[in-house]
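Values below: all heavy atoms of this structure, side chains included; hydrogens, waters and symmetry mates excluded.
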Amino acid sequence: MELIFQVEKQQIYRTDQAHPVADSKNYLTASFSFSEEWTGTKTAIFTADKPYTLQLTENACVIPWEVIKAPGFWVSVYCGDRVTANRAQVYVEESGYQ
C-alpha cells in the first residue's frame, strides 16, 4: 500500500486516502512529489519513538516497519544543503496480529 505526500516549498501533506494498519512489514511505501526548489538528494524522516531516515530513490521508499504502530507516526523530508519541511502525521489503526 502506498502513502502519497505532496511537498510544496516547506509544507508537506498527504494526498491519499489510505488507512494503514499496525504491524505490517515491508508492505507500506511512501512516495513524494516536490515543488521545483527541491533538488538534489532527498531524505525522508519517519518518527515514532525515534527517527528513521531513508534516502529516497525516485522520490519513494519503503516505510520502516518500526514506526508502523498505533496510534501513528510523523513524516518529514529534507534535501540539499538542508531545505527542510514541516511534519505530516500518519494515523495507524490497531491490527489483529497476535
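With sequence neighbours left out, the side chain to side chain contact (heavy atoms under 4.5 Å, CB included) criterion links T57 to no other residue. Residues that satisfy the side chain to side chain contact (heavy atoms under 4.5 Å, CB included) test with A18, not counting sequence neighbours, are M1, L3, R14, D16. By the ring-ring contact (aromatic ring centres under 6.0 Å, His included) test, F73 pairs with no residue at all, sequence neighbours left out. Remark: Q6 engages E8, Y13, T15, S33 in a side chain to side chain contact (heavy atoms under 4.5 Å, CB included) (not counting sequence neighbours). By the side chain to side chain donor-acceptor pair (under 3.5 Å) test, E2 pairs with S31, sequence neighbours left out.
Applying the salt bridge (charged side-chain N to carboxylate O under 4.0 Å, His left out) test to pairs two or more places apart or on separate chains, none has a residue in residues 38-47. Residue pairs meeting the side-chain hydrogen bond (donor to acceptor under 3.5 Å, both in side chains) criterion with at least one member in residues 20-30, sequence neighbours excluded: D23-K69, D23-S95. For residues 77-91, the set of pairs meeting the side-chain hydrogen bond (donor to acceptor under 3.5 Å, both in side chains) definition, not counting sequence neighbours, comprises Q10-T84, Q11-N86, Q89-Y91. For residues 52-65, no pair satisfies salt bridge (charged side-chain N to carboxylate O under 4.0 Å, His left out), with sequence neighbours left out.
Residues I4 and V7 are members of separate hydrophobic clusters, defined by side-chain heavy-atom contacts under 4.5 angstrom among Ile, Leu, Val, Met, Phe, Trp and Tyr.
In this structure, the side chains of V77 and W38 come closer than 4.5 Å at one or more pairs of heavy atoms.
Results of the side chain to side chain contact (heavy atoms under 4.5 Å, CB included) test with V75 over V90, I45, I63, V67 single out V90 as the only residue that passes.
To the nearest 0.5 angstrom, F46 atom CZ is 15.5 Å from W65 atom CH2.
Closest approach of A88 to I12, counting heavy atoms only: N-CG2, 3.8 Å.
Other cluster members for W74: none, since no ILVMFWY side-chain heavy atom sits under 4.5 Å from it.
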Side chains of residues 47-56: which donor-acceptor partners sit under 3.5 Å, not counting sequence neighbours?
none

